[in-house]
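In what follows, a single structure is set out as structure tokens and then discussed.
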Amino acid sequence: MDLRVKKTRKSIVDAFIELRQIKPLEKITVKELASKAMINKATFYLHYQDIYDLEDSLESELISSVLSSISDKNLYVDNPFQFELELMNAIKKEGPTFEILTSGNRSAHFVMQLEKELKNYISQNDPSFSSDVKRNIMVSFIVYGAYYTYTNNKYDKDILAKTLSKLTQQVIKTEL
């Protein structure tokens, strides 16, 4: 990728994150973002269709980063407790970016994308997963439950991650 393109993209993302910290997504305009990023609107549109496309792109990058930090691609099958713990720790490491992108009305969108990408990730490493209805339901239950518990509690994130991982282990051990 051309260095100018990288710099422009970084400028757009930095300006977006800065605006997103103080405003909901729906209140951010391309004009305002372009001004803050010191680019013109046409340049923004060379990279993204609209503000929502930018947010979707950043969400996808965040989810990819989180999933790529898992040490072993078969961890979900071999050690679900460790898988959940690594997933939570990866989210915790994203810190402010995670909190910004999941704030406001976009929270539900993010968790739906996370569930979809996590199921794709598991299916790539365990082809039997796709046709296993019980395991698919269990992953949905764990993702939504863990996500909303993690984001809606102000407890120490290490304690939250460990507690959620232990709960996940118990859910997985329970026969449906």
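The basis for the numbers below is simple: all heavy atoms, side chains too, and nothing from hydrogens, waters or symmetry mates. Sequential numbering from 1 along the given sequence is applied to the chain's residues.
- The heavy-atom pair separating Ala90 from Ser69 by the smallest distance is CB-OG, 3.0 Å.
- The line from NE2 of His47 to CD1 of Ile12 is 4.5 Å long, rounded to the nearest 0.5 Å.
- Here Glu32 does not pair with Lys36 in a salt bridge; the nearest charged N to carboxylate O distance is not below 4.0 Å.
- The distance from atom NZ of Lys116 to atom CG of Leu114, rounded to the nearest 0.5 Å, is 12.0 Å.
- For the atom pair CG of Leu67 and OH of Tyr121, the computed distance is 6.5 Å after rounding to the nearest 0.5 Å.
- A distance of 10.5 Å separates CD1 of Ile70 from CG of Asn89, quoted to the nearest 0.5 Å.
- Atom NZ of Lys162 sits in a sparse spot, with 12 or fewer heavy atoms from other residues, nucleotides or ligands closer than 6.0 Å.
- Counting non-hydrogen atoms of other residues, nucleotides and ligands closer than 6.0 Å to CD of Gln49 gives a total of 12 or fewer.
- The two atoms that bring Tyr48 and Leu54 nearest to each other are CZ-CD1, 3.5 Å, heavy atoms only.
- No side-chain donor-acceptor contact under 3.5 Å links Glu115 to the backbone of Tyr144.
- In terms of modelled atom types and a separation under 3.5 Å, the side chain of Asn136 and the main chain of Phe129 share a donor-acceptor contact.
- Of all non-hydrogen atoms in Lys23 and Ile28, the two that sit nearest each other are CB-CG1, 4.1 Å.
- A donor-acceptor pair is defined here as one N or O able to donate and one able to accept, closer than 3.5 Å; no such pair exists between the side chain of Ser57 and the backbone of Asp53.
- The backbone N or O of Ser103 lies less than 3.5 Å from a partner atom in the side chain of Arg20, making a donor-acceptor pair.
- Tyr45 and Val30 make their closest contact through OH-CG2, 3.3 Å (heavy atoms, listed as atom of the first residue, atom of the second, distance).
- The heavy-atom pair separating Tyr148 from Ala108 by the smallest distance is OH-CA, 3.5 Å.
- Atom OG of Ser35 is separated from atom NZ of Lys41 by 11.5 Å, given to the nearest 0.5 angstrom.
- Between the side chain of Ser68 and the backbone N or O of Ser65, at least one donor-acceptor pair lies under 3.5 Å.
- In this structure, the side chain of Ser11 does not engage the main chain of Lys7 through any donor-acceptor pair within 3.5 Å.
- Between Leu62 and Glu59, the closest side-chain pair of non-hydrogen atoms is not below 4.5 Å.
- Checking Asn40 against Thr43 by side-chain atom types alone, a donor-acceptor pair falls below 3.5 Å.
- Asn153 places a side-chain N or O within 3.5 Å of a backbone atom of Thr149 that can act as its donor or acceptor partner.
- Looking at every heavy atom in both residues, Tyr150 comes nearest to Lys157 through O-NZ, 3.0 Å.
- With salt bridges taken as basic N to acidic carboxylate O contacts below 4.0 Å, one links Asp56 and Arg106.
- Not a single donor-acceptor pair under 3.5 Å links the side chain of Asp126 to the backbone N or O of Ile122.
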Take Leu118 and Leu87, measure what side chain to side chain contact (heavy atoms under 4.5 Å, CB included) needs, and give me the verdict at the end.
CA-CA 10 Å; Leu118 185 56; Leu87 189 63; 4.1 Å; yes
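- Rounded to the nearest 0.5 Å, atoms CG (Asp158) and OG1 (Thr163) are 10.5 Å apart.
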